[in-house]
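Read through the structure below, which is laid out as C-alpha coordinates, and then see the notes.
No hydrogens, no waters, no symmetry mates; every other heavy atom, side chains included, goes into these values.
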Amino acid sequence: MVLQKLFGYDPQSMKVRTELIAGATTFLTMSYILAVNPAILSTTGMDKAALFTSTAIASAIATILLAVMAKLPFAQAPSMGLNAFFAFTLCQAMGFTWQQSLAALLIEGIIFILITFLNVRELILNSIPVNLRYAISAGIGMFIAFIGLKNAGIIVANPDTFVGLGKFTPTAILGIIAILLSGILMARKVKGALFYGIIMATIIGIPMGVTQIPEGWLPVSAPQSVAPIFCKFDFTNFFNFKMFIVIFSLLIVNIFDTVGTLVGLAEKTGIVEEDGTIPHVKEAMMSDAIGTTAGAILGSSTITTYIESASGIAEGGRSGLTSFAVGIFFLLSLFLSPLFLLIPGAATSGALVLVGVLMIDSVKRIDLTNISEAFPAFITMITMVLCYSIADGICLGILSYVIMKLCIGEYKKVNPTLAILSVLFILNFIFG
(Lines give C-alpha, C1' and ligand atoms only; values in the text may rest on other atoms or scores of the structure.)
Protein backbone atom coordinates (compact mmCIF):
# COMPACT_ATOMS: atom_id res chain seq x y z
CA MET A 1 0.00 0.00 0.00
CA VAL A 2 1.35 3.43 -0.99
CA LEU A 3 0.40 5.12 2.30
CA GLN A 4 2.09 2.38 4.28
CA LYS A 5 5.31 2.64 2.28
CA LEU A 6 5.44 6.45 2.28
CA PHE A 7 4.15 7.34 5.75
CA GLY A 8 4.21 4.15 7.83
CA TYR A 9 0.41 4.02 7.78
CA ASP A 10 -0.96 0.71 9.12
CA PRO A 11 -4.47 0.01 7.72
CA GLN A 12 -5.02 -2.60 10.43
CA SER A 13 -4.73 -0.17 13.36
CA MET A 14 -5.13 3.29 11.77
CA LYS A 15 -7.80 5.20 9.87
CA VAL A 16 -7.11 7.76 7.13
CA ARG A 17 -9.85 10.05 8.45
CA THR A 18 -8.36 10.00 11.95
CA GLU A 19 -4.87 10.78 10.63
CA LEU A 20 -6.15 13.72 8.56
CA ILE A 21 -8.20 15.14 11.45
CA ALA A 22 -5.13 14.79 13.65
CA GLY A 23 -3.10 16.72 11.07
CA ALA A 24 -5.69 19.51 10.92
CA THR A 25 -5.72 19.69 14.72
CA THR A 26 -1.94 19.97 14.93
CA PHE A 27 -1.92 22.66 12.25
CA LEU A 28 -4.58 24.72 14.02
CA THR A 29 -2.69 24.39 17.30
CA MET A 30 0.65 25.54 15.89
CA SER A 31 -0.53 27.84 13.08
CA TYR A 32 0.06 30.86 15.32
CA ILE A 33 3.67 30.60 14.09
CA LEU A 34 2.48 32.00 10.73
CA ALA A 35 1.59 35.24 12.51
CA VAL A 36 4.19 35.28 15.27
CA ASN A 37 7.33 34.38 13.29
CA PRO A 38 6.96 37.23 10.74
CA ALA A 39 6.07 39.61 13.59
CA ILE A 40 9.26 38.76 15.51
CA LEU A 41 11.68 38.55 12.57
CA SER A 42 10.34 41.71 10.89
CA THR A 43 11.68 43.72 13.86
CA THR A 44 15.11 43.21 12.25
CA GLY A 45 14.06 45.03 9.08
CA MET A 46 13.14 41.92 7.11
CA ASP A 47 10.11 42.09 4.83
CA LYS A 48 7.07 40.83 6.77
CA ALA A 49 5.14 39.54 3.74
CA ALA A 50 8.17 37.61 2.49
CA LEU A 51 8.67 36.20 6.00
CA PHE A 52 5.14 34.81 5.96
CA THR A 53 5.90 32.93 2.75
CA SER A 54 9.26 31.64 3.97
CA THR A 55 7.73 30.51 7.28
CA ALA A 56 4.98 28.55 5.53
CA ILE A 57 7.27 26.96 2.93
CA ALA A 58 10.05 26.07 5.38
CA SER A 59 7.51 24.52 7.77
CA ALA A 60 5.96 22.54 4.93
CA ILE A 61 9.33 21.27 3.67
CA ALA A 62 10.53 20.14 7.11
CA THR A 63 7.21 18.55 8.10
CA ILE A 64 6.70 16.68 4.82
CA LEU A 65 10.32 15.45 4.99
CA LEU A 66 9.65 14.19 8.52
CA ALA A 67 6.48 12.45 7.29
CA VAL A 68 8.38 10.54 4.61
CA MET A 69 11.72 10.00 6.35
CA ALA A 70 10.70 9.36 9.97
CA LYS A 71 7.04 8.37 9.41
CA LEU A 72 6.08 9.95 12.73
CA PRO A 73 3.02 12.16 13.48
CA PHE A 74 5.11 15.19 14.42
CA ALA A 75 5.22 18.65 12.84
CA GLN A 76 8.08 21.11 12.42
CA ALA A 77 8.27 24.89 12.03
CA PRO A 78 10.53 27.82 13.04
CA SER A 79 11.47 27.59 16.71
CA MET A 80 9.75 30.07 19.01
CA GLY A 81 12.96 30.33 21.01
CA LEU A 82 15.43 30.61 18.18
CA ASN A 83 13.44 33.19 16.22
CA ALA A 84 13.70 35.34 19.34
CA PHE A 85 17.43 34.56 19.49
CA PHE A 86 17.74 35.63 15.84
CA ALA A 87 15.86 38.92 16.22
CA PHE A 88 16.63 40.10 19.74
CA THR A 89 20.04 38.58 20.49
CA LEU A 90 21.86 38.35 17.15
CA CYS A 91 20.41 41.44 15.45
CA GLN A 92 19.61 43.77 18.35
CA ALA A 93 21.87 42.86 21.27
CA MET A 94 24.94 41.68 19.30
CA GLY A 95 24.57 44.07 16.37
CA PHE A 96 24.63 41.60 13.49
CA THR A 97 22.60 42.44 10.39
CA TRP A 98 19.80 40.03 9.51
CA GLN A 99 21.81 39.03 6.44
CA GLN A 100 24.76 38.02 8.65
CA SER A 101 22.38 36.21 11.00
CA LEU A 102 20.91 34.24 8.11
CA ALA A 103 24.44 33.23 7.15
CA ALA A 104 24.93 31.93 10.71
CA LEU A 105 21.70 29.91 10.42
CA LEU A 106 22.86 28.43 7.11
CA ILE A 107 26.17 27.29 8.60
CA GLU A 108 24.39 25.95 11.69
CA GLY A 109 21.99 23.96 9.51
CA ILE A 110 24.81 22.43 7.48
CA ILE A 111 26.71 21.51 10.66
CA PHE A 112 23.53 20.04 12.13
CA ILE A 113 23.14 17.83 9.04
CA LEU A 114 26.74 16.64 9.39
CA ILE A 115 26.62 15.90 13.12
CA THR A 116 23.29 14.11 12.73
CA PHE A 117 24.68 12.00 9.91
CA LEU A 118 27.88 11.24 11.83
CA ASN A 119 26.12 10.75 15.20
CA VAL A 120 28.34 13.41 16.76
CA ARG A 121 25.27 14.83 18.49
CA GLU A 122 25.53 12.14 21.17
CA LEU A 123 28.88 13.60 22.29
CA ILE A 124 27.43 17.10 22.57
CA LEU A 125 24.25 15.91 24.26
CA ASN A 126 26.10 13.82 26.78
CA SER A 127 28.42 16.69 27.69
CA ILE A 128 25.64 19.00 28.90
CA PRO A 129 24.21 18.19 32.36
CA VAL A 130 20.60 17.07 32.35
CA ASN A 131 19.45 19.83 34.69
CA LEU A 132 20.94 22.50 32.45
CA ARG A 133 19.04 21.05 29.48
CA TYR A 134 15.78 21.50 31.36
CA ALA A 135 16.83 24.98 32.46
CA ILE A 136 17.59 26.03 28.88
CA SER A 137 14.09 25.04 27.78
CA ALA A 138 12.45 26.78 30.76
CA GLY A 139 14.61 29.88 30.32
CA ILE A 140 13.64 30.19 26.68
CA GLY A 141 9.99 29.95 27.72
CA MET A 142 10.42 32.81 30.21
CA PHE A 143 12.25 34.84 27.58
CA ILE A 144 9.49 34.31 25.01
CA ALA A 145 6.82 35.31 27.53
CA PHE A 146 8.80 38.45 28.40
CA ILE A 147 8.96 39.35 24.71
CA GLY A 148 5.19 38.92 24.44
CA LEU A 149 4.62 41.29 27.36
CA LYS A 150 7.12 43.77 25.92
CA ASN A 151 5.65 43.72 22.40
CA ALA A 152 2.23 44.64 23.76
CA GLY A 153 3.62 47.45 25.89
CA ILE A 154 2.46 45.69 29.07
CA ILE A 155 6.06 45.74 30.30
CA VAL A 156 8.11 48.81 29.38
CA ALA A 157 11.49 50.35 30.11
CA ASN A 158 11.70 52.30 33.36
CA PRO A 159 14.67 54.58 34.13
CA ASP A 160 14.37 53.91 37.88
CA THR A 161 13.76 50.16 37.94
CA PHE A 162 14.92 49.12 34.42
CA VAL A 163 11.49 47.60 33.69
CA GLY A 164 7.99 48.36 34.90
CA LEU A 165 4.30 48.10 34.16
CA GLY A 166 3.32 50.14 31.10
CA LYS A 167 0.34 52.42 30.64
CA PHE A 168 -3.01 50.94 29.69
CA THR A 169 -2.95 52.00 26.05
CA PRO A 170 -5.25 50.33 23.48
CA THR A 171 -2.30 48.17 22.42
CA ALA A 172 -1.53 47.06 25.97
CA ILE A 173 -5.21 46.38 26.70
CA LEU A 174 -5.46 44.25 23.56
CA GLY A 175 -2.34 42.37 24.67
CA ILE A 176 -3.92 41.65 28.06
CA ILE A 177 -7.13 40.49 26.36
CA ALA A 178 -5.12 38.22 24.04
CA ILE A 179 -3.26 36.64 26.97
CA LEU A 180 -6.46 36.05 28.95
CA LEU A 181 -8.28 34.66 25.91
CA SER A 182 -5.46 32.23 25.11
CA GLY A 183 -5.19 31.11 28.72
CA ILE A 184 -8.95 30.58 29.10
CA LEU A 185 -9.26 28.70 25.80
CA MET A 186 -6.30 26.48 26.66
CA ALA A 187 -7.64 25.83 30.18
CA ARG A 188 -10.94 24.77 28.62
CA LYS A 189 -8.94 22.39 26.40
CA VAL A 190 -10.07 24.03 23.16
CA LYS A 191 -8.08 22.55 20.28
CA GLY A 192 -6.20 25.31 18.51
CA ALA A 193 -6.53 27.60 21.56
CA LEU A 194 -3.52 29.75 20.63
CA PHE A 195 -4.71 30.12 17.03
CA TYR A 196 -8.24 31.08 18.06
CA GLY A 197 -6.88 33.44 20.71
CA ILE A 198 -4.90 35.33 18.06
CA ILE A 199 -7.88 35.51 15.67
CA MET A 200 -10.29 36.70 18.38
CA ALA A 201 -7.83 39.32 19.64
CA THR A 202 -7.27 40.56 16.08
CA ILE A 203 -11.03 41.02 15.58
CA ILE A 204 -11.36 42.75 18.95
CA GLY A 205 -8.50 45.05 17.91
CA ILE A 206 -10.48 46.45 14.94
CA PRO A 207 -12.85 48.73 16.94
CA MET A 208 -9.95 49.52 19.29
CA GLY A 209 -7.93 50.90 16.37
CA VAL A 210 -5.05 48.48 16.92
CA THR A 211 -5.85 46.18 14.00
CA GLN A 212 -5.40 48.22 10.84
CA ILE A 213 -7.28 47.07 7.71
CA PRO A 214 -5.71 48.48 4.50
CA GLU A 215 -7.96 50.01 1.87
CA GLY A 216 -9.09 47.46 -0.72
CA TRP A 217 -8.06 44.58 1.55
CA LEU A 218 -9.01 41.03 0.50
CA PRO A 219 -8.48 37.91 2.65
CA VAL A 220 -7.11 35.80 -0.21
CA SER A 221 -4.23 36.57 -2.55
CA ALA A 222 -1.47 34.96 -4.53
CA PRO A 223 1.51 33.91 -2.37
CA GLN A 224 3.76 36.80 -1.40
CA SER A 225 7.22 36.84 -3.02
CA VAL A 226 10.11 35.59 -0.92
CA ALA A 227 12.63 37.49 -3.08
CA PRO A 228 13.42 40.27 -0.54
CA ILE A 229 14.93 37.72 1.88
CA PHE A 230 15.79 34.74 -0.36
CA CYS A 231 19.50 33.75 -0.14
CA LYS A 232 20.42 37.15 1.33
CA PHE A 233 23.56 35.92 3.08
CA ASP A 234 26.33 38.24 4.24
CA PHE A 235 29.61 36.55 5.16
CA THR A 236 31.46 39.85 5.74
CA ASN A 237 33.67 39.56 8.87
CA PHE A 238 31.99 36.23 9.46
CA PHE A 239 34.75 33.87 10.48
CA ASN A 240 35.62 35.06 13.99
CA PHE A 241 35.31 33.80 17.56
CA LYS A 242 32.14 35.79 18.21
CA MET A 243 30.36 34.10 15.32
CA PHE A 244 31.67 30.73 16.48
CA ILE A 245 29.94 31.26 19.83
CA VAL A 246 26.75 32.28 18.03
CA ILE A 247 26.68 29.19 15.81
CA PHE A 248 27.54 26.92 18.73
CA SER A 249 24.72 28.43 20.81
CA LEU A 250 22.26 27.96 17.94
CA LEU A 251 23.40 24.38 17.55
CA ILE A 252 23.11 23.52 21.26
CA VAL A 253 19.65 25.06 21.69
CA ASN A 254 18.40 23.41 18.49
CA ILE A 255 19.70 20.00 19.53
CA PHE A 256 18.19 20.14 23.01
CA ASP A 257 14.92 21.65 21.82
CA THR A 258 14.47 18.98 19.16
CA VAL A 259 15.60 16.01 21.23
CA GLY A 260 13.53 17.03 24.25
CA THR A 261 10.41 17.45 22.15
CA LEU A 262 10.95 14.18 20.28
CA VAL A 263 11.35 12.27 23.54
CA GLY A 264 8.19 13.81 24.99
CA LEU A 265 6.08 13.20 21.89
CA ALA A 266 7.39 9.66 21.44
CA GLU A 267 6.23 8.85 24.97
CA LYS A 268 2.75 10.10 24.08
CA THR A 269 2.56 7.93 20.96
CA GLY A 270 3.80 4.85 22.83
CA ILE A 271 6.55 4.03 20.33
CA VAL A 272 9.49 4.16 22.77
CA GLU A 273 11.36 0.86 22.96
CA GLU A 274 12.01 -0.92 26.27
CA ASP A 275 15.62 0.26 26.28
CA GLY A 276 14.46 3.86 25.85
CA THR A 277 15.34 4.21 22.16
CA ILE A 278 12.98 5.99 19.79
CA PRO A 279 12.41 4.50 16.32
CA HIS A 280 13.41 6.81 13.44
CA VAL A 281 14.68 9.53 15.79
CA LYS A 282 17.77 10.08 13.60
CA GLU A 283 15.55 10.60 10.55
CA ALA A 284 13.41 13.06 12.52
CA MET A 285 16.48 15.06 13.48
CA MET A 286 17.75 14.94 9.91
CA SER A 287 14.50 16.41 8.58
CA ASP A 288 14.89 19.13 11.22
CA ALA A 289 18.45 19.84 10.05
CA ILE A 290 17.50 19.90 6.37
CA GLY A 291 14.52 22.11 7.22
CA THR A 292 16.77 24.55 9.08
CA THR A 293 19.11 24.79 6.09
CA ALA A 294 16.20 25.26 3.68
CA GLY A 295 14.69 27.81 6.05
CA ALA A 296 17.89 29.86 6.08
CA ILE A 297 17.94 29.87 2.28
CA LEU A 298 14.32 31.02 2.25
CA GLY A 299 15.03 33.67 4.87
CA SER A 300 13.45 32.08 7.94
CA SER A 301 14.83 31.11 11.34
CA THR A 302 15.81 27.70 12.73
CA ILE A 303 13.33 24.82 12.37
CA THR A 304 12.42 22.56 15.29
CA THR A 305 9.87 19.87 16.20
CA TYR A 306 6.76 21.35 17.82
CA ILE A 307 5.38 20.17 21.14
CA GLU A 308 1.96 21.22 19.78
CA SER A 309 2.13 17.99 17.77
CA ALA A 310 0.79 16.41 20.96
CA SER A 311 -2.65 17.83 20.09
CA GLY A 312 -2.77 15.78 16.90
CA ILE A 313 -1.46 12.71 18.69
CA ALA A 314 -4.26 13.15 21.23
CA GLU A 315 -6.69 13.06 18.29
CA GLY A 316 -5.30 9.67 17.27
CA GLY A 317 -2.51 10.58 14.83
CA ARG A 318 0.07 7.80 14.75
CA SER A 319 1.79 7.86 11.34
CA GLY A 320 3.54 10.18 8.93
CA LEU A 321 0.21 10.75 7.21
CA THR A 322 -0.66 13.12 10.07
CA SER A 323 2.47 15.20 9.56
CA PHE A 324 2.01 15.11 5.77
CA ALA A 325 -1.43 16.66 6.26
CA VAL A 326 0.12 19.41 8.41
CA GLY A 327 2.63 20.16 5.64
CA ILE A 328 -0.16 20.46 3.06
CA PHE A 329 -2.08 22.85 5.33
CA PHE A 330 1.04 25.04 5.56
CA LEU A 331 1.20 25.19 1.76
CA LEU A 332 -2.49 26.11 1.52
CA SER A 333 -1.95 28.92 4.02
CA LEU A 334 0.24 30.69 1.42
CA PHE A 335 -2.94 31.92 -0.26
CA LEU A 336 -4.25 33.40 3.00
CA SER A 337 -1.30 35.68 3.74
CA PRO A 338 -3.43 38.88 3.90
CA LEU A 339 -5.36 37.37 6.82
CA PHE A 340 -2.24 36.47 8.78
CA LEU A 341 -0.39 39.73 7.99
CA LEU A 342 -3.39 41.69 9.30
CA ILE A 343 -2.68 40.39 12.82
CA PRO A 344 -1.12 43.09 15.08
CA GLY A 345 1.80 42.27 17.35
CA ALA A 346 -0.33 42.73 20.49
CA ALA A 347 -2.71 39.97 19.34
CA THR A 348 0.17 37.48 19.34
CA SER A 349 1.09 38.25 22.95
CA GLY A 350 -1.27 35.54 24.17
CA ALA A 351 0.49 32.88 22.09
CA LEU A 352 3.92 34.06 23.23
CA VAL A 353 3.00 34.05 26.92
CA LEU A 354 1.18 30.70 26.76
CA VAL A 355 4.07 29.08 24.88
CA GLY A 356 6.22 30.33 27.74
CA VAL A 357 3.82 28.67 30.17
CA LEU A 358 4.14 25.37 28.29
CA MET A 359 7.94 25.56 28.17
CA ILE A 360 8.32 26.36 31.87
CA ASP A 361 6.97 22.85 32.48
CA SER A 362 10.55 21.52 32.36
CA VAL A 363 11.38 23.29 35.65
CA LYS A 364 9.73 20.47 37.59
CA ARG A 365 12.35 18.08 36.20
CA ILE A 366 15.26 20.09 37.62
CA ASP A 367 16.82 18.67 40.79
CA LEU A 368 16.19 21.60 43.12
CA THR A 369 17.24 19.66 46.23
CA ASN A 370 20.92 19.79 45.21
CA ILE A 371 22.18 23.40 45.26
CA SER A 372 25.12 22.55 42.98
CA GLU A 373 22.56 21.53 40.35
CA ALA A 374 19.83 24.07 41.14
CA PHE A 375 22.15 27.11 41.18
CA PRO A 376 23.51 26.76 37.59
CA ALA A 377 19.98 25.97 36.37
CA PHE A 378 18.65 29.12 38.03
CA ILE A 379 21.50 31.22 36.60
CA THR A 380 20.73 29.86 33.13
CA MET A 381 17.06 30.80 33.34
CA ILE A 382 17.26 34.21 34.99
CA THR A 383 20.16 35.53 32.92
CA MET A 384 18.38 34.64 29.67
CA VAL A 385 15.65 37.09 30.65
CA LEU A 386 17.71 39.75 32.43
CA CYS A 387 20.49 39.78 29.82
CA TYR A 388 17.89 39.59 27.05
CA SER A 389 20.03 36.89 25.49
CA ILE A 390 19.58 33.13 25.19
CA ALA A 391 23.28 32.75 24.38
CA ASP A 392 24.41 34.59 27.53
CA GLY A 393 22.09 32.44 29.63
CA ILE A 394 23.60 29.23 28.25
CA CYS A 395 27.18 30.49 28.63
CA LEU A 396 26.70 31.70 32.20
CA GLY A 397 24.80 28.56 33.14
CA ILE A 398 27.58 26.26 31.93
CA LEU A 399 30.26 28.43 33.52
CA SER A 400 28.49 28.48 36.90
CA TYR A 401 28.03 24.70 36.71
CA VAL A 402 31.72 24.07 36.02
CA ILE A 403 32.90 26.51 38.70
CA MET A 404 30.46 25.09 41.26
CA LYS A 405 31.46 21.49 40.62
CA LEU A 406 35.19 22.25 40.71
CA CYS A 407 34.89 24.21 43.96
CA ILE A 408 33.04 21.43 45.79
CA GLY A 409 35.41 18.75 44.53
CA GLU A 410 33.08 17.01 42.07
CA TYR A 411 35.69 17.04 39.33
CA LYS A 412 34.35 13.94 37.59
CA LYS A 413 31.14 15.76 36.65
CA VAL A 414 33.13 18.26 34.57
CA ASN A 415 33.78 16.37 31.35
CA PRO A 416 36.47 17.52 28.88
CA THR A 417 33.88 19.01 26.51
CA LEU A 418 32.43 21.19 29.29
CA ALA A 419 35.92 22.29 30.34
CA ILE A 420 36.82 23.33 26.79
CA LEU A 421 33.51 25.16 26.38
CA SER A 422 34.05 27.04 29.63
CA VAL A 423 37.44 28.29 28.50
CA LEU A 424 35.95 29.41 25.18
CA PHE A 425 33.10 31.21 26.97
CA ILE A 426 35.51 33.05 29.27
CA LEU A 427 37.64 34.12 26.30
CA ASN A 428 34.48 35.35 24.59
CA PHE A 429 33.46 37.47 27.57
CA ILE A 430 36.98 38.93 27.80
CA PHE A 431 37.65 39.60 24.12
CA GLY A 432 34.15 39.47 22.57
Note to self: I'd like to know if the side chain of S59 and the backbone of A77 have a donor-acceptor N/O pair within less than 3.5 Å.
What the structure shows: no

Notebook entry, point to check: Which residues satisfy the ring-ring contact (aromatic ring centres under 6.0 Å, His included) test with F168, sequence neighbours excluded?
Noted result: none

Checklist line | Y306 side-chain N/O to P78 backbone N/O, donor-acceptor pair under 3.5 Å | finding: yes

Next item on the list: Compare all side-chain heavy atoms of I297 with those of L106 and state whether any distance is below 4.5 angstrom.
Entry: yes

Margin query: Can you tell me how far apart CH2 (W98) and CG (L51) are? Round to the nearest 0.5 Å.
Written below: 8.5 Å

Next item on the list: Step by step, work out the side chain to side chain contact (heavy atoms under 4.5 Å, CB included) result for I229 and L298.
Entry: CA-CA 7 Å; I229 56 175; L298 290 165; over 6 Å; no

Check: So which pairs with a foot in residues 57-74 pass salt bridge (charged side-chain N to carboxylate O under 4.0 Å, His left out), sequence neighbours left out?
Finding: none

Check: Is the CZ atom of F235 crowded by more than 12 outside heavy atoms at less than 6.0 Å?
Finding: yes

Margin query: Tell me the closest heavy-atom pair linking P223 and F335, and the distance in Å.
Written below: CD-CE2, 3.6 Å

Notebook entry, point to check: Among all residues two or more places apart in sequence or in another chain, which pass the side-chain hydrogen bond (donor to acceptor under 3.5 Å, both in side chains) test with T305?
Noted result: Q76

Next item on the list: Specify the closest pair of heavy atoms between L102 and F86, including all atoms of both residues, with the distance to one decimal.
Entry: N-CE1, 3.7 Å

Next item on the list: Could you walk me through whether I203 and T211 pass the side chain to side chain contact (heavy atoms under 4.5 Å, CB included) test, one step at a time?
Entry: CA-CA 7 Å; I203 295 172; T211 302; over 6 Å; no

Checklist line | Considering all heavy atoms, the nearest L399-S422 contact | finding: CD2-O, 3.5 Å

Checklist line | Check: H280 and M69 side chains under 4.5 Å, non-hydrogen atoms | finding: no

Item checked: Check: T63 side chain, A60 main-chain N or O, donor-acceptor pair, under 3.5 Å -> no

Next item on the list: Side-chain contact test, heavy atoms from C-beta onward, threshold under 4.5 Å: evaluate it for S301 versus L82 and give yes or no.
Entry: no

Note to self: Side chains of Y9 and R318, heavy atoms from C-beta outward: is any pair under 4.5 Å?
What the structure shows: no

Next item on the list: Search all heavy atoms of S349 against all heavy atoms of G148 and return the closest pair with its distance.
Entry: OG-O, 3.0 Å

Checklist line | Pairs satisfying salt bridge (charged side-chain N to carboxylate O under 4.0 Å, His left out), at least one member in residues 165-174, at least two apart | finding: none

Item checked: Check: E19 side chain, V16 main-chain N or O, donor-acceptor pair, under 3.5 Å -> no

Notebook entry, point to check: Any sub-3.5 Å donor-acceptor pair from K232's side-chain atoms to Q100's backbone N or O?
Noted result: no

Check: Between M208 and I173, is any pair of side-chain heavy atoms under 4.5 Å apart?
Finding: yes

Margin query: Measuring from atom CG of L386 to atom CG of L396, what distance do you get when rounded to the nearest 0.5 angstrom?
Written below: 11.0 Å

Notebook entry, point to check: In Å, rounded to the nearest 0.5 Å, how long is the span from CZ of F324 to CG of L6?
Noted result: 8.0 Å

Note to self: To the closest 0.5 Å, what do you measure between CG (L34) and CG (L334)?
What the structure shows: 8.5 Å

Item checked: Beyond-backbone contact of I366 with M381, side-chain heavy atoms, under 4.5 angstrom -> yes

Checklist line | Closest heavy-atom pair and its distance - I198, V36 | finding: CD1-CG2, 4.3 Å

Notebook entry, point to check: Does the S323 side chain pair with the main chain of L66, one donor and one acceptor, at a distance under 3.5 Å?
Noted result: no

Check: So, the side chain of S221 versus the backbone of L218: is there a donor-acceptor pair under 3.5 Å, distance only?
Finding: no

Note to self: Checking E308 now: which residues fulfil side-chain hydrogen bond (donor to acceptor under 3.5 Å, both in side chains) with it, not counting sequence neighbours?
What the structure shows: Y32

Next item on the list: Answer yes or no: is there a side-chain heavy-atom contact under 4.5 Å between T293 and F112?
Entry: no

Next item on the list: I would like to know whether L72 and F7 meet side chain to side chain contact (heavy atoms under 4.5 Å, CB included); could you show each step before the answer?
Entry: CA-CA 8 Å; L72 296 171; F7 309 120; over 6 Å; no

Margin query: Main chain of N158, side chain of T161: is a donor-acceptor contact present, judged purely on distance under 3.5 Å?
Written below: no

Notebook entry, point to check: Which distance, rounded to the nearest 0.5 Å, do you find between the CG of L105 and the OG1 of T302?
Noted result: 4.5 Å

Next item on the list: Could you tell me whether a side-chain N or O of N131 sits under 3.5 Å from a main-chain N or O of A377, the two making a donor and an acceptor?
Entry: no

Notebook entry, point to check: So which heavy atom on A347 is nearest to which on T202, and how close?
Noted result: CB-OG1, 3.6 Å

Notebook entry, point to check: Which residues satisfy the ring-ring contact (aromatic ring centres under 6.0 Å, His included) test with F88, sequence neighbours excluded?
Noted result: Y388

Note to self: Within 45 degrees of the ring normal and closer than 6.0 Å to the centroid, is that where the cationic atom of K282 sits relative to F117?
What the structure shows: yes

Margin query: Quick one about N37 and N83 (side-chain donor to acceptor, distance below 3.5 Å, no hydrogens or angles considered), yes or no?
Written below: yes

Margin query: If you apply the rule side chain to side chain contact (heavy atoms under 4.5 Å, CB included), what do you find for M186 with L358, and how did you get there?
Written below: CA-CA 11 Å; M186 188 166 285; L358 294 175; 4.1 Å; yes

Note to self: Checking the side chain of S300 only, and the main-chain atoms of A296 only, is there a donor and an acceptor separated by less than 3.5 Å?
What the structure shows: no

Item checked: pair V220-L336: side-chain heavy atoms closer than 4.5 Å -> yes

Next item on the list: Drop me the distance from E108's CD to L250's CG, to the nearest 0.5 angstrom.
Entry: 5.0 Å

Item checked: Ring-ring centroid check F330 F27, cutoff 6.0 Å -> yes

